[in-house]
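Presented below is the structure to which this report refers.
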Number of protein chains: 2
Amino acid sequence: MAGALEPREGWVAEHCPMAATLDIVRNRSAFLILREAFYGATRFEEFAELTGLSEPVTAARLHELAGDGLLEREPYREPGQRTRQAYRLTEKGADLLPVLVALMQWGDRWQRDSRSRVEIRHRGCGAPVTAQLRCAHDHPVSGDELELAVRRGRRRTSP
Amino acid sequence: MAGALEPREGWVAEHCPMAATLDIVRNRSAFLILREAFYGATRFEEFAELTGLSEPVTAARLHELAGDGLLEREPYREPGQRTRQAYRLTEKGADLLPVLVALMQWGDRWQRDSRSRVEIRHRGCGAPVTAQLRCAHDHPVSGDELELAVRRGRRRTSP
DNA sequence: CGGCATCCTTAGGGATACTG
DNA sequence: CAGTATCCCTAAGGATGCCG
(Lines give C-alpha, C1' and ligand atoms only; values in the text may rest on other atoms or scores of the structure.)
Protein backbone atom coordinates (compact mmCIF):
# COMPACT_ATOMS: atom_id res chain seq x y z
CA MET A 1 0.00 0.00 0.00
CA ALA A 2 3.02 2.25 0.11
CA GLY A 3 4.40 2.84 -3.35
CA ALA A 4 3.98 5.39 -5.99
CA LEU A 5 1.81 7.97 -7.58
CA GLU A 6 -0.56 8.72 -4.76
CA PRO A 7 0.37 12.31 -3.97
CA ARG A 8 1.38 12.46 -0.36
CA GLU A 9 -1.05 14.96 0.95
CA GLY A 10 -2.29 17.27 -1.54
CA TRP A 11 -5.01 19.83 -1.17
CA VAL A 12 -2.62 21.55 -3.47
CA ALA A 13 -1.95 18.79 -5.94
CA GLU A 14 -5.48 17.52 -5.78
CA HIS A 15 -7.94 19.27 -7.98
CA CYS A 16 -5.17 20.98 -9.83
CA PRO A 17 -6.33 20.76 -13.42
CA MET A 18 -2.81 20.41 -14.72
CA ALA A 19 -2.10 17.48 -12.44
CA ALA A 20 -5.46 16.02 -13.33
CA THR A 21 -4.63 16.26 -16.99
CA LEU A 22 -1.30 14.62 -16.43
CA ASP A 23 -3.14 11.79 -14.74
CA ILE A 24 -4.72 11.08 -18.11
CA VAL A 25 -1.76 11.67 -20.39
CA ARG A 26 0.75 10.73 -17.80
CA ASN A 27 3.38 9.23 -20.02
CA ARG A 28 5.37 9.92 -23.05
CA SER A 29 3.75 7.16 -25.05
CA ALA A 30 0.30 8.69 -24.61
CA PHE A 31 1.56 11.93 -26.08
CA LEU A 32 3.15 10.11 -28.97
CA ILE A 33 -0.07 8.24 -29.73
CA LEU A 34 -2.02 11.47 -29.64
CA ARG A 35 0.51 13.13 -31.87
CA GLU A 36 0.02 10.49 -34.52
CA ALA A 37 -3.73 10.68 -34.12
CA PHE A 38 -3.45 14.38 -34.89
CA TYR A 39 -1.26 13.60 -37.81
CA GLY A 40 -4.00 11.38 -39.13
CA ALA A 41 -3.13 7.85 -38.03
CA THR A 42 -6.11 5.63 -37.36
CA ARG A 43 -4.90 2.04 -37.52
CA PHE A 44 -3.06 0.05 -34.91
CA GLU A 45 -0.09 -0.61 -37.10
CA GLU A 46 0.29 3.04 -38.01
CA PHE A 47 0.40 4.02 -34.38
CA ALA A 48 2.92 1.35 -33.50
CA GLU A 49 5.14 2.11 -36.46
CA LEU A 50 5.03 5.88 -36.43
CA THR A 51 5.51 6.27 -32.70
CA GLY A 52 8.19 3.62 -32.48
CA LEU A 53 6.37 2.05 -29.55
CA SER A 54 6.13 -1.68 -29.07
CA GLU A 55 2.84 -3.33 -29.94
CA PRO A 56 1.88 -4.12 -26.34
CA VAL A 57 2.46 -0.55 -25.27
CA THR A 58 0.63 0.75 -28.31
CA ALA A 59 -2.32 -1.50 -27.52
CA ALA A 60 -2.36 -0.51 -23.87
CA ARG A 61 -2.23 3.19 -24.65
CA LEU A 62 -4.92 3.01 -27.32
CA HIS A 63 -7.22 1.27 -24.89
CA GLU A 64 -6.54 3.67 -22.08
CA LEU A 65 -7.00 6.70 -24.29
CA ALA A 66 -10.22 5.22 -25.63
CA GLY A 67 -11.36 4.44 -22.11
CA ASP A 68 -10.67 8.01 -21.09
CA GLY A 69 -12.65 9.28 -24.04
CA LEU A 70 -9.81 10.86 -25.98
CA LEU A 71 -10.03 8.33 -28.79
CA GLU A 72 -13.03 6.45 -30.08
CA ARG A 73 -12.95 3.03 -31.66
CA GLU A 74 -14.68 2.61 -34.95
CA PRO A 75 -14.95 -0.89 -36.33
CA TYR A 76 -14.09 -1.21 -39.99
CA ARG A 77 -13.71 -4.11 -42.32
CA GLU A 78 -11.66 -4.43 -45.41
CA PRO A 79 -12.87 -6.95 -47.97
CA GLY A 80 -11.76 -10.42 -47.06
CA GLN A 81 -10.38 -9.30 -43.72
CA ARG A 82 -11.78 -9.58 -40.28
CA THR A 83 -13.21 -6.61 -38.48
CA ARG A 84 -10.65 -4.23 -37.08
CA GLN A 85 -10.70 -1.08 -35.02
CA ALA A 86 -9.90 2.38 -36.23
CA TYR A 87 -9.04 4.95 -33.59
CA ARG A 88 -10.08 8.53 -34.05
CA LEU A 89 -9.75 11.59 -31.89
CA THR A 90 -12.83 12.67 -30.04
CA GLU A 91 -13.50 16.32 -29.33
CA LYS A 92 -12.05 15.75 -25.89
CA GLY A 93 -8.90 14.36 -27.41
CA ALA A 94 -8.65 17.01 -30.08
CA ASP A 95 -8.92 19.64 -27.40
CA LEU A 96 -5.44 18.70 -26.25
CA LEU A 97 -4.04 20.11 -29.45
CA PRO A 98 -2.83 23.37 -27.87
CA VAL A 99 -0.82 21.32 -25.39
CA LEU A 100 0.87 19.33 -28.13
CA VAL A 101 1.52 22.38 -30.26
CA ALA A 102 2.98 24.21 -27.29
CA LEU A 103 5.26 21.27 -26.53
CA MET A 104 6.43 21.12 -30.13
CA GLN A 105 7.04 24.83 -30.19
CA TRP A 106 9.18 24.67 -27.11
CA GLY A 107 11.20 21.84 -28.56
CA ASP A 108 11.68 23.73 -31.79
CA ARG A 109 12.98 26.69 -29.90
CA TRP A 110 15.04 25.13 -27.16
CA GLN A 111 15.96 21.63 -28.16
CA ARG A 112 18.63 21.88 -30.75
CA ASP A 113 18.40 19.09 -33.23
CA SER A 114 14.72 18.63 -32.97
CA ARG A 115 12.59 19.83 -35.78
CA SER A 116 9.10 18.65 -36.45
CA ARG A 117 8.61 16.75 -39.65
CA VAL A 118 5.24 18.37 -39.95
CA GLU A 119 4.39 22.02 -40.15
CA ILE A 120 1.00 23.09 -38.89
CA ARG A 121 -0.76 25.69 -41.00
CA HIS A 122 -4.05 27.48 -41.04
CA ARG A 123 -6.17 25.94 -43.76
CA GLY A 124 -6.78 28.33 -46.59
CA CYS A 125 -4.82 31.15 -45.11
CA GLY A 126 -1.73 28.95 -45.11
CA ALA A 127 0.06 30.77 -42.31
CA PRO A 128 1.90 28.68 -39.71
CA VAL A 129 0.12 28.08 -36.43
CA THR A 130 1.47 28.59 -32.94
CA ALA A 131 0.15 28.28 -29.41
CA GLN A 132 -0.01 31.64 -27.68
CA LEU A 133 -1.17 33.13 -24.46
CA ARG A 134 -3.98 35.62 -24.93
CA CYS A 135 -6.18 37.42 -22.50
CA ALA A 136 -9.92 37.66 -22.93
CA HIS A 137 -9.44 41.08 -24.46
CA ASP A 138 -7.30 39.43 -27.08
CA HIS A 139 -4.04 40.99 -26.00
CA PRO A 140 -1.00 38.81 -26.51
CA VAL A 141 0.41 38.08 -23.07
CA SER A 142 4.04 37.49 -22.30
CA GLY A 143 5.35 35.72 -19.24
CA ASP A 144 6.07 38.88 -17.30
CA GLU A 145 2.64 40.33 -17.92
CA LEU A 146 0.96 37.66 -15.88
CA GLU A 147 -0.87 38.23 -12.69
CA LEU A 148 -1.87 35.36 -10.46
CA ALA A 149 -5.10 35.69 -8.55
CA VAL A 150 -5.71 33.10 -5.88
CA ARG A 151 -9.27 31.95 -6.10
CA ARG A 152 -11.29 32.39 -2.98
CA GLY A 153 -13.67 29.76 -1.68
CA ARG A 154 -11.60 26.63 -1.45
CA ARG A 155 -14.50 24.69 -3.05
CA ARG A 156 -17.63 23.73 -1.18
CA THR A 157 -17.80 27.28 0.19
CA SER A 158 -19.81 28.85 -2.55
CA PRO A 159 -22.54 30.72 -0.55
CA MET B 1 20.88 -3.43 -22.61
CA ALA B 2 17.24 -4.18 -23.23
CA GLY B 3 15.05 -2.11 -20.97
CA ALA B 4 13.22 1.10 -21.31
CA LEU B 5 13.08 4.51 -22.83
CA GLU B 6 15.21 4.05 -25.90
CA PRO B 7 12.66 4.38 -28.66
CA ARG B 8 12.81 1.23 -30.73
CA GLU B 9 13.67 2.65 -34.05
CA GLY B 10 12.61 6.08 -34.52
CA TRP B 11 13.38 8.34 -37.40
CA VAL B 12 9.92 9.43 -36.51
CA ALA B 13 10.26 9.76 -32.80
CA GLU B 14 13.74 11.13 -33.04
CA HIS B 15 14.00 14.81 -33.65
CA CYS B 16 10.36 15.28 -32.91
CA PRO B 17 10.34 18.46 -30.86
CA MET B 18 7.44 17.27 -28.75
CA ALA B 19 9.21 14.06 -27.85
CA ALA B 20 12.37 16.04 -27.21
CA THR B 21 10.50 18.31 -24.86
CA LEU B 22 9.02 15.38 -23.05
CA ASP B 23 12.54 14.06 -22.60
CA ILE B 24 13.17 17.11 -20.43
CA VAL B 25 9.89 17.34 -18.56
CA ARG B 26 9.23 13.68 -18.77
CA ASN B 27 7.40 13.18 -15.52
CA ARG B 28 4.58 14.54 -13.54
CA SER B 29 6.81 15.78 -10.77
CA ALA B 30 8.74 18.02 -13.15
CA PHE B 31 5.52 19.67 -14.22
CA LEU B 32 4.47 20.15 -10.63
CA ILE B 33 7.78 21.75 -9.73
CA LEU B 34 7.51 24.08 -12.70
CA ARG B 35 3.96 24.93 -11.78
CA GLU B 36 5.06 26.07 -8.35
CA ALA B 37 7.96 27.97 -9.83
CA PHE B 38 5.44 29.83 -11.97
CA TYR B 39 3.32 30.42 -8.95
CA GLY B 40 6.32 32.01 -7.30
CA ALA B 41 7.94 29.34 -5.17
CA THR B 42 11.69 29.65 -4.83
CA ARG B 43 12.70 27.66 -1.76
CA PHE B 44 13.15 23.95 -1.39
CA GLU B 45 10.57 23.59 1.28
CA GLU B 46 7.99 25.48 -0.70
CA PHE B 47 8.43 23.16 -3.63
CA ALA B 48 8.21 20.05 -1.51
CA GLU B 49 5.20 21.24 0.41
CA LEU B 50 3.20 22.79 -2.38
CA THR B 51 3.71 19.98 -4.85
CA GLY B 52 3.18 17.27 -2.27
CA LEU B 53 6.33 15.53 -3.48
CA SER B 54 8.73 13.84 -1.12
CA GLU B 55 11.95 15.64 -0.33
CA PRO B 56 14.19 13.25 -2.27
CA VAL B 57 12.08 13.58 -5.39
CA THR B 58 11.89 17.33 -4.94
CA ALA B 59 15.65 17.52 -4.68
CA ALA B 60 16.19 15.30 -7.69
CA ARG B 61 13.78 17.26 -9.85
CA LEU B 62 15.18 20.63 -8.83
CA HIS B 63 18.65 19.45 -9.75
CA GLU B 64 17.59 18.00 -13.06
CA LEU B 65 15.61 21.08 -14.02
CA ALA B 66 18.53 23.27 -13.05
CA GLY B 67 20.87 21.03 -15.03
CA ASP B 68 18.64 21.34 -18.05
CA GLY B 69 18.59 25.10 -17.70
CA LEU B 70 14.94 25.55 -16.81
CA LEU B 71 15.72 26.68 -13.29
CA GLU B 72 18.70 28.56 -11.99
CA ARG B 73 20.09 28.33 -8.51
CA GLU B 74 20.71 31.52 -6.71
CA PRO B 75 22.50 31.36 -3.40
CA TYR B 76 20.96 33.43 -0.66
CA ARG B 77 21.62 33.81 2.99
CA GLU B 78 19.33 34.77 5.76
CA PRO B 79 20.95 36.37 8.79
CA GLY B 80 22.36 33.75 11.10
CA GLN B 81 21.65 30.95 8.64
CA ARG B 82 23.90 29.12 6.29
CA THR B 83 23.82 29.77 2.58
CA ARG B 84 20.88 28.21 0.79
CA GLN B 85 19.74 27.93 -2.78
CA ALA B 86 16.81 29.69 -4.31
CA TYR B 87 15.45 28.28 -7.53
CA ARG B 88 14.11 30.61 -10.17
CA LEU B 89 12.76 30.08 -13.64
CA THR B 90 15.07 30.91 -16.48
CA GLU B 91 13.74 32.23 -19.76
CA LYS B 92 13.94 28.70 -21.08
CA GLY B 93 11.83 27.46 -18.22
CA ALA B 94 9.38 30.33 -18.37
CA ASP B 95 8.89 29.61 -22.03
CA LEU B 96 7.07 26.44 -21.04
CA LEU B 97 4.25 28.52 -19.67
CA PRO B 98 1.95 28.00 -22.65
CA VAL B 99 2.27 24.26 -22.15
CA LEU B 100 1.29 24.49 -18.51
CA VAL B 101 -1.55 26.87 -19.19
CA ALA B 102 -2.84 24.63 -21.96
CA LEU B 103 -2.72 21.63 -19.64
CA MET B 104 -4.60 23.52 -16.94
CA GLN B 105 -7.18 24.67 -19.40
CA TRP B 106 -7.85 21.17 -20.59
CA GLY B 107 -8.24 19.97 -17.06
CA ASP B 108 -10.61 22.79 -16.25
CA ARG B 109 -12.75 21.88 -19.20
CA TRP B 110 -12.64 18.10 -19.19
CA GLN B 111 -11.68 16.91 -15.77
CA ARG B 112 -14.66 17.35 -13.56
CA ASP B 113 -13.63 18.17 -10.05
CA SER B 114 -10.45 19.89 -10.93
CA ARG B 115 -10.31 23.60 -10.68
CA SER B 116 -7.17 25.60 -10.44
CA ARG B 117 -6.65 27.42 -7.21
CA VAL B 118 -5.04 30.20 -9.16
CA GLU B 119 -6.48 32.26 -11.94
CA ILE B 120 -4.11 33.70 -14.47
CA ARG B 121 -4.83 37.24 -15.55
CA HIS B 122 -3.34 39.86 -17.79
CA ARG B 123 -1.64 42.39 -15.59
CA GLY B 124 -3.31 45.75 -15.74
CA CYS B 125 -6.00 44.68 -18.14
CA GLY B 126 -7.14 42.07 -15.64
CA ALA B 127 -8.71 39.74 -18.18
CA PRO B 128 -8.19 35.99 -17.75
CA VAL B 129 -5.49 34.41 -19.88
CA THR B 130 -5.82 31.30 -22.03
CA ALA B 131 -3.59 29.37 -24.39
CA GLN B 132 -4.86 29.52 -27.94
CA LEU B 133 -3.85 28.45 -31.38
CA ARG B 134 -3.25 31.36 -33.72
CA CYS B 135 -1.86 31.55 -37.18
CA ALA B 136 0.76 34.07 -38.20
CA HIS B 137 -2.01 36.26 -39.58
CA ASP B 138 -3.48 36.29 -36.11
CA HIS B 139 -6.56 34.29 -36.96
CA PRO B 140 -7.82 32.07 -34.17
CA VAL B 141 -7.46 28.51 -35.38
CA SER B 142 -9.71 25.65 -34.36
CA GLY B 143 -8.83 22.00 -34.61
CA ASP B 144 -10.60 21.43 -37.88
CA GLU B 145 -8.95 24.39 -39.58
CA LEU B 146 -5.57 22.81 -39.39
CA GLU B 147 -3.53 21.75 -42.34
CA LEU B 148 -0.50 19.59 -41.94
CA ALA B 149 2.36 20.14 -44.33
CA VAL B 150 5.06 17.52 -44.28
CA ARG B 151 8.39 19.22 -44.37
CA ARG B 152 10.59 18.30 -47.27
CA GLY B 153 14.27 17.61 -46.89
CA ARG B 154 14.47 15.02 -44.18
CA ARG B 155 17.34 17.04 -42.69
CA ARG B 156 20.74 17.21 -44.30
CA THR B 157 19.04 17.41 -47.71
CA SER B 158 18.55 21.15 -47.84
CA PRO B 159 19.57 22.13 -51.41
C1' DC C 1 -1.34 -9.25 -39.98
C1' DG C 2 -3.39 -7.36 -35.81
C1' DG C 3 -3.32 -7.80 -31.14
C1' DC C 4 -2.59 -9.74 -26.51
C1' DA C 5 0.22 -12.38 -22.52
C1' DT C 6 4.49 -13.04 -20.37
C1' DC C 7 8.91 -11.64 -18.72
C1' DC C 8 12.38 -8.63 -17.55
C1' DT C 9 14.80 -4.09 -17.00
C1' DT C 10 14.75 0.67 -15.83
C1' DA C 11 12.64 4.91 -14.13
C1' DG C 12 9.47 7.21 -10.84
C1' DG C 13 8.41 8.06 -6.33
C1' DG C 14 7.03 7.39 -1.20
C1' DA C 15 8.83 6.42 3.75
C1' DT C 16 12.16 6.78 6.87
C1' DA C 17 16.30 8.01 8.86
C1' DC C 18 20.13 10.79 8.83
C1' DT C 19 23.33 15.16 8.28
C1' DG C 20 24.86 20.04 8.35
C1' DC D 1 15.38 24.26 7.80
C1' DA D 2 17.57 22.20 3.62
C1' DG D 3 18.68 18.62 1.96
C1' DT D 4 20.91 13.10 1.32
C1' DA D 5 21.00 8.20 1.65
C1' DT D 6 18.70 3.95 1.76
C1' DC D 7 15.06 0.81 0.90
C1' DC D 8 11.32 -0.85 -1.41
C1' DC D 9 7.25 -0.84 -4.29
C1' DT D 10 4.99 0.46 -8.71
C1' DA D 11 4.70 2.16 -13.48
C1' DA D 12 6.73 2.34 -18.11
C1' DG D 13 8.20 0.01 -21.82
C1' DG D 14 11.05 -3.26 -24.93
C1' DA D 15 11.51 -8.33 -26.54
C1' DT D 16 9.52 -12.36 -27.48
C1' DG D 17 6.15 -15.58 -28.30
C1' DC D 18 1.39 -16.92 -29.02
C1' DC D 19 -3.20 -16.82 -31.13
C1' DG D 20 -7.08 -15.75 -34.15
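In what follows, every chain begins at residue 1, and chains take the letters A, B, ... in the order their sequences are listed. What you see is a predicted model; the values in this text were computed from it and never measured.
Taking atom CG of B:Leu53 as the reference point, atom P of C:dA15 lies 11 Å away to the nearest angstrom. Taking atom CZ of residue B:Arg28 and atom C1' of nucleotide D:dA11, one finds them 13 Å apart after rounding to whole Å. Between the CG atom of B:Leu22 and the C1' atom of D:dG13 there is a distance of 15 Å, rounded to whole Å. Atom CG in B:Leu32 sits roughly 9 Å away from atom P in C:dG14 (whole-Å rounding). Rounded to an integer number of Å, the gap from B:Glu49 CD to D:dG3 P is 15 Å. Spacing between atom CD of B:Glu55 and atom C1' of C:dG13 amounts to 12 Å, rounded to whole angstrom units. A straight line from CG of A:Asp23 to P of C:dG13 spans 11 Å, rounded to a whole angstrom. Summarising the geometry, the separation between CD on A:Glu45 and C1' on C:dC4 is reported as 16 Å, rounded to the nearest angstrom.
Which of C:dG3, D:dG14, D:dA5 sits closest to the side chain of A:Gln85 comes down to C:dG3. The nucleotide whose nearest atom lies closest to any side-chain atom of B:Phe44 is, among C:dG3, D:dG3, D:dG13, D:dG3.
At D:dA2, one or more side-chain N or O atoms of B:Arg43 fall inside 4.0 Å of OP1 or OP2 (strictly under the cut-off). In this structure, A:Asn27 does not reach the D:dA11 phosphate: none of its side-chain N or O atoms is under 4.0 Å from OP1 or OP2. Taking only side-chain nitrogens and oxygens, A:His63 comes nearer than 4.0 Å to OP1 or OP2 of C:dC4. Dashed line: the shortest gap from a side-chain N or O of B:Arg61 to OP1 or OP2 of C:dG13 is under 4.0 Å. Contact annotation: B:Ser29 side-chain N/O to C:dG12 OP1/OP2 distance is not under 4.0 Å. Considering only side-chain N and O atoms, B:Tyr76 lies under 4.0 angstrom from the phosphate OP1 or OP2 of D:dA2.
Using a distance-only test at 3.5 Å, with no hydrogens or angles considered, no donor-acceptor pair links the side chain of B:Thr42 to the main chain of B:Ala86. A:Gln111 places a side-chain N or O within 3.5 Å of a backbone atom of B:Ala20 that can act as its donor or acceptor partner.
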- Could you walk me through whether B:Arg35 and B:Leu100 pass the side-chain contact (heavy atoms from CB on, under 4.5 Å) check? CA-CA 7 Å; B:Arg35 179 193 67 188; B:Leu100 299 224; 4.2 Å; yes

- Under the side-chain contact (heavy atoms from CB on, under 4.5 Å) criterion, do B:Tyr87 and B:Glu36 qualify, and how do the steps go? CA-CA 11 Å; B:Tyr87 300 87; B:Glu36 292 308 326; over 6 Å; no

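Remark: the B:Arg134 side chain and the A:His122 side chain contain no N/O donor-acceptor pair separated by less than 3.5 Å.
Among the atoms of the strands shown, base atoms are found under 4.0 Å from some heavy atom of B:Arg84. Using a 4.0 Å heavy-atom cutoff across all strands shown, B:Phe47 reaches no nucleic acid atom at all.
Comparing the end axes of the helix from C:dC1-D:dG20 to C:dG20-D:dC1, each fitted to five base pairs by superposing C1' atoms of four pairs onto the next four, gives an inter-axis angle of 30° (nearest 10 degrees).
Taking A:Arg43 as the reference, A:Glu45 meet the salt bridge (charged side-chain N to carboxylate O under 4.0 Å, His left out) condition, with sequence neighbours excluded.
A:Thr51 is not listed as a side-chain neighbour of A:Val57, based on a closest heavy-atom distance of 4.5 Å or more.
Placement of B:Leu148 and B:Met18 within a single hydrophobic cluster is found when ILVMFWY residues are connected by side-chain heavy-atom separations under 4.5 Å, directly or transitively.
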